[in-house]
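Okay, so here's the structure we're looking at.
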Amino acid sequence: MKTTGKNVVRYNRWGYYFLIPFVLVYVIFQLIPLVSTIYNSFFEHYFKNGLTEVGPNFVGLANYASLFSGGDLLKYFGNTMIMWIIGFIPQIIVSLLLAAWFSDPSLRLKGTPFFQTVIYMPNLIMASAFSMLFFALFSDIGPINSMLQNMGIIHETYKFFSHTGSARALVGFMNFVMWFGNTTILLLAGMLGIDTSLYEAAEVDDATATQIFWKITLPILKPILIYVMITSLIGGLQMFDVPQILTNGEGTPSRTTMTLIMFLNKHLYSKNYGMGGALSVMLFIITGILSLIIFRFNTSDKYK
Amino acid sequence: MEKKKENGMSVKTRRVVAYVVLVLITILCLFWFYVLFINATRSNSELKRGFTMIPSKYLGQNLHNIFHSSNLPILTGLFNSFFIAACTAALCTYFSTMTAFAIHAYDFKLKKPMFTFILAVMMIPTQVTALGFLNLIRSMKLIDNFIPLIVPSVASPIVFFYMKQSMEATLPMELLESARIDGAGEFRIFNTIALPLMKPAIAVQAIFAFVTSWNNYFTPALVLKSDNKKTLPILIATLRSADFLKFDMGQVYMFIAMSILPVIVVYLFLGKNIVGGMTAGAVKG
């Protein structure tokens, strides 16, 4: 007995050894940068005209104050949220519908693997290349304009990137195309996990497909729906590649498609450490709160 | 039987509606790539004349042009992207499996706190720490170097989580016990027993890690400065900022096609496994 006890202790030490690479790399490349980002947010430190270094001087919460008082932060937060919602609403509707069909045994759809493969594909495409493609297709001389003119829908070139509405709609639409497949797969996994006897009972009671969907599927899916929504929101806050490439980093027209991360990216390029740090910390706090909600949901779910 | 007949019509119409919507959705997903590959076969003057659905015969010409273009180093871009993505995929999957093995196979005091910690930091976006990250690699003299784009993938909480999930299903503790009785060391047990058993999960995660790195734009754009170090997404961004209208559009489309084609090809061969792997690890989170 005693020898096995010692043996157990001896090899369990390997748990620590195997964790060394992860911990080491995490501390160096994530934890230290995080601490340094937070530290920087309390200092005035930037380059005047890109040349003369100002600071670092400790300024307390002044960076945060100017972040909010400038109005830019709220504007970019608003832009980000609007473009996220434009993409998320069709995404959740289409995904629910497709997942319900894929998981419905009475429909017996053929070619489900093919359709699943196709809808997931846009998610794996390089976002910057996809945006460049959209920019080329929707540009003033691009094929979409020429197609719409040929069909007689419009008579002169429509400048998609010069109108706030169409520019935001395009960003939202691209997010929808890129992410609804992923959401469908998540919801489908949830729907396939629902006890089929519930459906059988509903069918015995002559419930229609619509009733089954609203009264059984949706309530059971609620935790997954919340998970999908919050992860999508976290992803939405990180929106960068698509509007950055579409608008060449300018957020045109008049910064109405400028997202929070594009704003951060500008600070990183101009080496405005103080403001960049404060903005990062704000993003960190928002993401942290959202993650905490997911964390709560998952753990409470497991004890049910 | 009777009931089935009663609902027969409605199921049939519902099926038709489902197929129609699915076909429309398929078109919505594939249309863009169809236009892309058509346009990559057309010449600049043809493209300026307007759009057609029929491929033209300038595919070879456009290919030749982008490979010999002096202002767009696509070959080095392809190589850089591939090198970084391949190294990232290898390091990320190997060490994430190792981390998962540590939590899965051993009992130690910090096991639970470690696991909770990794889950807690899973959602922190890389952009949030980018400022400190840049300062750090600047002081390490690693700007314009591939190392800061590859090595951090050793600590990937999300990949760790998937590995941990699939390890629970595929790696029985009895197997490790019997290997120990045979006198195998713990490091050897990991490399010769755990790793081979995890191959399917590793393959799926390797593809994901590769694609994520291949597509990554934010961090590489901040780290890589010189032209011969740039990856494809950065080159695409420079393409966008150049005077777009003066560009040979055939080359632009060909460039975009070249940067997404590798991923599409891999996906067409392994698509089913990828979607399957997604579903397997999906909701447990």
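Using a distance-only test at 3.5 Å, with no hydrogens or angles considered, a donor-acceptor pair links the side chain of A:Asn12 to the main chain of B:Asp107. A donor-acceptor pair is defined here as one N or O able to donate and one able to accept, closer than 3.5 Å; such a pair exists between the side chain of B:Tyr267 and the backbone of A:Thr117.
Considering all non-hydrogen atoms of both residues, B:Tyr253 and A:Leu133 come closest at CE2-CD1, 4.0 Å. Shown here for A:Arg108 and B:Tyr19, the closest heavy-atom pair between the two residues is O-OH, 4.2 Å. Here the shortest heavy-atom pairing between B:Val151 and A:Val25 reads O-CG1, 3.6 Å. A:Ala129 and B:Ser259 make their closest contact through CB-OG, 3.7 Å (heavy atoms, listed as atom of the first residue, atom of the second, distance). Closest approach of A:Thr37 and B:Gly132 over heavy atoms only: OG1-N, 3.0 Å. Heavy-atom minimum distance, A:Pro33 versus B:Phe133: CB-N, 3.3 Å.
Using a 4.5 Å cut-off between heavy atoms, B:Asn39 contacts chain A through its side chain alone, with no backbone atom that close. Neither the backbone nor the side chain of A:Tyr39 comes within contact range of chain B; no heavy atoms are under 4.5 Å apart. For B:Val17, the parts sitting under 4.5 Å from any heavy atom of chain A are the backbone and the side chain alike. If you measure heavy-atom distances from B:Met114 to chain A, the contacts under 4.5 Å come from the side chain alone. Interface remark: A:Thr184 contributes no atoms to any contact with chain B (heavy atom separation under 4.5 Å). With a threshold of 4.5 angstrom between heavy atoms, B:Leu30 approaches chain A through side-chain atoms but not through N, CA, C or O. Residue A:Lys271 touches chain B through its side chain alone, counting heavy-atom pairs closer than 4.5 Å. With a 4.5 Å cut-off on non-hydrogen atoms, B:Lys109 touches chain A through its backbone and its side chain both. B:Leu136 touches chain A through its side chain: at least one heavy atom from C-beta onward sits under 4.5 Å away, while N, CA, C and O do not. There is no contact between B:Ala257 and chain A, counting heavy-atom distances below 4.5 Å. Using a 4.5 Å cut-off between heavy atoms, B:Ile207 does not touch chain A at all. There is no contact between A:Thr208 and chain B, counting heavy-atom distances below 4.5 Å. Proximity to chain B (any heavy atom under 4.5 Å) is shown, for A:Glu250, by neither the backbone nor the side chain. Contact annotation for A:Asn248: both backbone and side-chain heavy atoms come within less than 4.5 Å of a heavy atom of chain B. For chain A, the nearby part of B:Phe31 is the side chain; its heavy atoms alone come within less than 4.5 Å. For B:Phe218, the parts lying under 4.5 angstrom from a heavy atom of chain A are both the backbone and the side chain. Only the backbone of B:Ser156 comes within contact range of chain A, with at least one heavy atom under 4.5 Å from a heavy atom of that chain. Looking at A:Ser128, both its backbone and its side chain come within 4.5 Å of chain B, counting heavy atoms on both sides. Neither the backbone nor the side chain of A:Val228 comes within less than 4.5 Å of any heavy atom of chain B. Contacts of B:Ile234 with chain A are absent, with no heavy-atom separation under 4.5 Å from either backbone or side chain. Of the two parts of B:Val211, only the side chain, counted from C-beta on, holds a non-hydrogen atom closer than 4.5 Å to a non-hydrogen atom of chain A. With a threshold of 4.5 angstrom between heavy atoms, A:Ile234 approaches chain B through side-chain atoms but not through N, CA, C or O.
Contact count versus chain A (heavy atoms, under 4.5 Å) is highest, among B:Asn135, B:Ile25, B:Val263, B:Leu36, for B:Asn135. Across B:Met123, B:His104, B:Glu186, the residue that shares the most heavy-atom pairs under 4.5 angstrom with chain A is B:Glu186. Listed options A:Val177, A:Leu264, A:Leu137 were ranked by heavy-atom pairs under 4.5 angstrom with chain B; first place goes to A:Leu137. No other option in A:Leu107, A:Leu31, A:Asp104 has as many heavy-atom pairs under 4.5 Å with chain B as A:Leu107. Ranking B:Pro125, B:Ala105, B:Ala120 against chain A, the residue ahead of the rest is B:Pro125, based on heavy-atom pairs under 4.5 Å. By number of non-hydrogen pairs under 4.5 angstrom with chain B, the leading residue of A:Val23, A:Asn265, A:Ile119, A:Ile32 is A:Asn265. In terms of non-hydrogen atom pairs under 4.5 Å with chain A, the most contact-rich of B:Val23, B:Leu232, B:Val121, B:Thr212 is B:Val121. Ranked by heavy-atom pairs under 4.5 Å with chain A, the list B:Arg180, B:Met140, B:Met122 is led by B:Arg180. Each of B:Leu110, B:Leu47, B:Thr126, B:Val35 has some count of heavy-atom pairs under 4.5 Å with chain A, and the biggest count is that of B:Leu110. If you tally non-hydrogen atom pairs under 4.5 Å between each of A:Ala127, A:Gly235, A:Pro143, A:Gly111 and chain B, the highest count goes to A:Pro143. Interface check for chain B: of the options A:Leu19, A:Ile144, A:Leu24, the most heavy-atom pairs under 4.5 Å are formed by A:Leu19.
Here the side chains of B:Phe208 and A:Leu124 are in contact, with some heavy-atom distance below 4.5 Å. Residues A:Phe29 and B:Val154 fail the side-chain proximity criterion, which asks for heavy atoms closer than 4.5 Å. For the pair A:Met121 and B:Cys29, the minimum side-chain heavy-atom distance is 4.5 Å or more. Counting heavy atoms from C-beta outward, A:Leu246 and B:Arg240 have side chains that stay 4.5 Å or more apart. The closest side-chain heavy-atom distance from A:Gln238 to B:Val128 is not below 4.5 Å. Counting only heavy atoms from C-beta outward, the side chains of B:Ile103 and A:Phe18 never approach each other to under 4.5 Å. A:Phe22 has its side chain within reach of B:Ile118: a pair of non-hydrogen atoms, C-beta onward, lies under 4.5 Å apart. In this structure the side chain of B:Leu22 reaches within 4.5 angstrom of the side chain of A:Leu109, judged on heavy atoms.
Aromatic rings from A:Tyr26 and B:Phe117 are positioned such that their centres are separated by under 6.0 Å. Ring centroids of A:Tyr17 and B:Phe190 are separated by 6.0 Å or more, keeping the two rings apart.
For the pair A:Arg13 and B:Phe108, the cation does not sit on the ring face, since its NZ or CZ is not both under 6.0 Å from the ring centre and inside 45° of the axis.
Of the inter-residue distances, the one linking A:Leu268 atom CG with B:Leu222 atom CG reads 5.5 Å to the nearest 0.5 angstrom. Note: B:Asn215 CG to A:Phe130 CZ = 12.0 Å, rounded to the nearest 0.5 Å. The structure places CD1 of B:Ile124 at 7.5 Å from CD of A:Gln30, a figure rounded to the nearest 0.5 Å.
Identified by a heavy-atom distance below 4.5 Å to chain B, the contributing residues of residues 278-286 of chain A are A:Ser280, A:Leu283, A:Phe284, in residue-number order.
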For this session: Show the numbers, then the answer: is there a side-chain contact (heavy atoms from CB on, under 4.5 Å) between B:Tyr217 and A:Phe240?
Result: CA-CA 9 Å; B:Tyr217 169 49; A:Phe240 173 70; 3.6 Å; yes
Problem set entry | Stepwise side-chain contact (heavy atoms from CB on, under 4.5 Å) test for B:Ile236 and A:Met126 | CA-CA 10 Å; B:Ile236 284 178; A:Met126 186 188 292; 4.0 Å; yes
